[in-house]
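To find a chain, count down the sequence lines: A is the first, B the second, and so on, and within it residues start at 1.
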Number of protein chains: 2
Amino acid sequence: MSDTAVARAAVVQAAGDAKADSKSEQAYAFIKARIVEGTYSPGYRLVLAKIAGDVGFSVVPVREAIRRLEAEGLVKFERNVGATVSGIDPTEYLYTMQTLSVVEGAATALSAPLIDATAIARARAVNEEMRQCLEHFDPVRFTALNRDFHSVLFEHCPNPHILDLVHRGWNRLATLRSSTFRFVPGRARESVREHEELLQLIERNADAETIERAARRHRSATLDAYLAQAPGTPKKISNSQEEKQ
Amino acid sequence: MSDTAVARAAVVQAAGDAKADSKSEQAYAFIKARIVEGTYSPGYRLVLAKIAGDVGFSVVPVREAIRRLEAEGLVKFERNVGATVSGIDPTEYLYTMQTLSVVEGAATALSAPLIDATAIARARAVNEEMRQCLEHFDPVRFTALNRDFHSVLFEHCPNPHILDLVHRGWNRLATLRSSTFRFVPGRARESVREHEELLQLIERNADAETIERAARRHRSATLDAYLAQAPGTPKKISNSQEEKQ
DNA sequence: ATGTACGAAATCGTATACGATGATTATGGC
DNA sequence: GCCATAATCATCGTATACGATTTCGTACAT
């Protein structure tokens, strides 16, 4: 019940942000926010009528919102059955990370020439804070900062299609939250170091291919770390590019 | 009116293919097929009520179908105004080609180790036919064969997410059909040659990075050829990777 | 005790209806 | 004759209602 109140508040706020979005848009933002933030965790059953009641709309806009979320991979929808927040199994994790390594690498390379010194300084500050999170064992904040860091790197990507794909990948990963996938021991520390390397490449105006390779490897290394320590590793398809050279 | 008959027939067929798809699914397949095949050409106004009449359903499933097509970029949807088949302007073309160069390159590289000799032979036959199309000036067939050729190269991609992105890109390009974008003079001939080179790399089990680079360059070269001869070139963002080396 | 069949409840899928919004055309004033 | 403004129309946005499908529980037979 207080759930409902919170829901409405969120909707009102969302509506305020973007003038007069359609209800379907509001429902979309509402549900998506809850999935990404974790209120609706993987496996959560999204019953149309219930959510419709929560947001105060009828089922039609809610249904449309859910279908959109399905297209983005955040929700799994089964005909005549219903929708659930899509968990991510090891295979899905692999697919998502691999895809992200490709599109994020490209986005970062395309962004690089457009990143100014201020942004670099900002990213470096974020990375420094991440390093401190490591020492204070604050994985939640670490994760949030990690997204901030990479946002700086790819947010200037001049190709909106690619940028959109990157955001989708991050959102999908966000549903993991603190699951077993994240935080492979030792990987976080390496990650911070690689961030600094990336920043230096960008500062030096390294060529696009070098930056792309570094950015891609940064991500696929996380995937590889997971695969190395995973118990039932799924079929090996992670022939990550840079491994071979 | 005969239009309606054709429409119904298509729907019936689609329904037969996949048991009992939902109407929304059928509407989706119906509209998508017409866009890709060119019956609904770019700029075509998709009026909900009209299409609903054509397929024999009410507007609700049709609306849902159109929103899905919008998510894939085949349709442009404007709130309270309506939907039109999304043409592709030079900027969109650039975005799409660039994105496709990235994901297709990755898909081809991931597929390569899984392509057997039979498939290679098939692709080579297709490419040979393309060469003949060049001499007989049959651009329509050339385009169709081109998709066939590349399908062989990336269809074994073990990552369904990436594969899906590739298909979306091709579908978007399909809406161009015989527009000014396609068939930059001389490019087709080069294209056939590059196809053969790609096949040889795959036969030789070249490493993933080499194949990815070749596949990506194959596409970005087409983009570059267009940009070189285009009148009002959009903002230059095509720093295609391999250009620099 | 277990498996099967039937029935009830929950939930989705679609149709229809009406209100809201943006485009278009007509009209009046300048 | 042209521009501004108001009325009209086309079209979408959403609510409500009902039918279709699936799932779950229960009873019965083996």
Side-chain angles (χ1 to χ4, degrees), chain A residues 3-4 7-8 10-12 14-32 35 40 43-71 74-86, chain B residues 3-4 7-8 10-12 14-32 35 40 43-71 74-86:
Chain A
D3 211 32
T4 303
R8 287 185 197 274
V11 167
V12 168
D17 284 350
K19 220 47 179 294
D21 277 337
S22 75
K23 297 189 177 179
S24 133
E25 197 75 23
Q26 293 173 47
Y28 169 79
F30 173 78
I31 302 170
K32 180 173 177 176
I35 292 177
Y40 294 160
Y44 187 94
R45 184 80 187 279
L46 297 170
V47 178
L48 287 180
K50 182 179 177 310
I51 297 186
D54 285 352
V55 297
F57 304 151
S58 97
V59 297
V60 181
V62 172
R63 178 189 166 87
E64 187 167 314
I66 288 181
R67 294 306 291 254
R68 268 180 70 187
L69 291 165
E70 183 200 14
L74 289 180
V75 160
K76 195 169 157 237
F77 195 86
E78 215 174 338
R79 170 158 156 87
N80 282 322
V81 175
T84 53
V85 176
S86 65
Chain B
D3 211 33
T4 303
R8 286 184 198 276
V11 166
V12 169
D17 285 351
K19 227 33 182 300
D21 277 337
S22 75
K23 297 190 179 180
S24 129
E25 197 76 21
Q26 293 173 47
Y28 169 79
F30 173 77
I31 302 172
K32 180 172 177 177
I35 291 176
Y40 295 160
Y44 187 94
R45 183 81 187 280
L46 296 170
V47 178
L48 286 180
K50 182 178 178 311
I51 297 186
D54 284 353
V55 297
F57 305 151
S58 96
V59 296
V60 180
V62 174
R63 178 190 167 86
E64 186 167 313
I66 288 182
R67 294 305 292 255
R68 267 179 72 187
L69 290 165
E70 183 200 15
L74 290 180
V75 161
K76 195 169 157 236
F77 194 86
E78 213 173 340
R79 170 158 156 86
N80 282 322
V81 174
T84 54
V85 176
S86 64

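For the pair B:R63 CZ and D:dG13 C1', the interatomic distance rounds to 6 Å; values are reported in whole Å. Between B:L48 atom CG and C:dT14 atom C1' the separation is 14 Å, expressed in whole Å. Rounded to an integer number of Å, the gap from CZ of A:R45 to P of C:dC12 is 6 Å. The interatomic distance linking A:K50 (NZ) with C:dC12 (P) rounds to 12 Å, in whole Å. Taking atom CG of B:L46 as the reference point, atom P of D:dA10 lies 19 Å away to the nearest angstrom. Following rounding to the nearest Å, A:E25 (CD) and C:dA20 (P) show an atom-to-atom distance of 20 Å. A:F57 has its CZ atom 10 Å from the C1' atom of D:dT14, to the nearest Å. Rounding to whole angstrom units, CD of residue A:Q26 and C1' of D:dG13 are separated by 12 Å.
The side-chain contact (heavy atoms from CB on, under 4.5 Å) test with A:V62 is passed by exactly one of A:V55, A:V47, A:D54: A:V55.
Residue B:V47 is the one, among B:V47 and A:E78, whose nearest nucleotide of DNA chain D lies closer to the 5' end (criterion: closest heavy atom). Nearest-nucleotide mapping onto DNA chain C: of A:V81 and A:V60, the residue sitting toward the 5' end is A:V81.
Listed nucleotides: C:dA15, D:dT14, C:dG13. Nearest to the side chain of B:S22: C:dG13. Of all nucleotides listed (D:dT14, C:dG13, D:dC12), C:dG13 comes nearest to the side chain of A:R79. Closest approach to the B:V59 side chain among D:dT11, C:dT16, D:dG13 is made by C:dT16 (side chain taken as heavy atoms from C-beta onward). Of the candidate nucleotides D:dT14, C:dT21, C:dA23, C:dT21 has the atom nearest to the side chain of B:N80.
Looking at heavy-atom distances under 4.0 Å, A:I66 makes no contact with the nucleic acid at all.
Formation of a donor-acceptor pair under 3.5 Å by the B:S86 side chain with backbone atoms of B:L74 is found in this model.
The pair B:R67-B:E70 counts as a salt bridge, with a side-chain nitrogen and a carboxylate oxygen less than 4.0 angstrom apart. Residues A:R68 and A:E25 are paired through a salt bridge, judged by an N-O separation under 4.0 Å between the basic side chain and the carboxylate.
Contact of the B:K50 side chain with the B:R45 side chain is not registered, since no non-hydrogen atoms from C-beta on lie closer than 4.5 Å.
The phosphate of D:dA15 (OP1 or OP2) has a side-chain N or O of A:K23 nearer than 4.0 angstrom.
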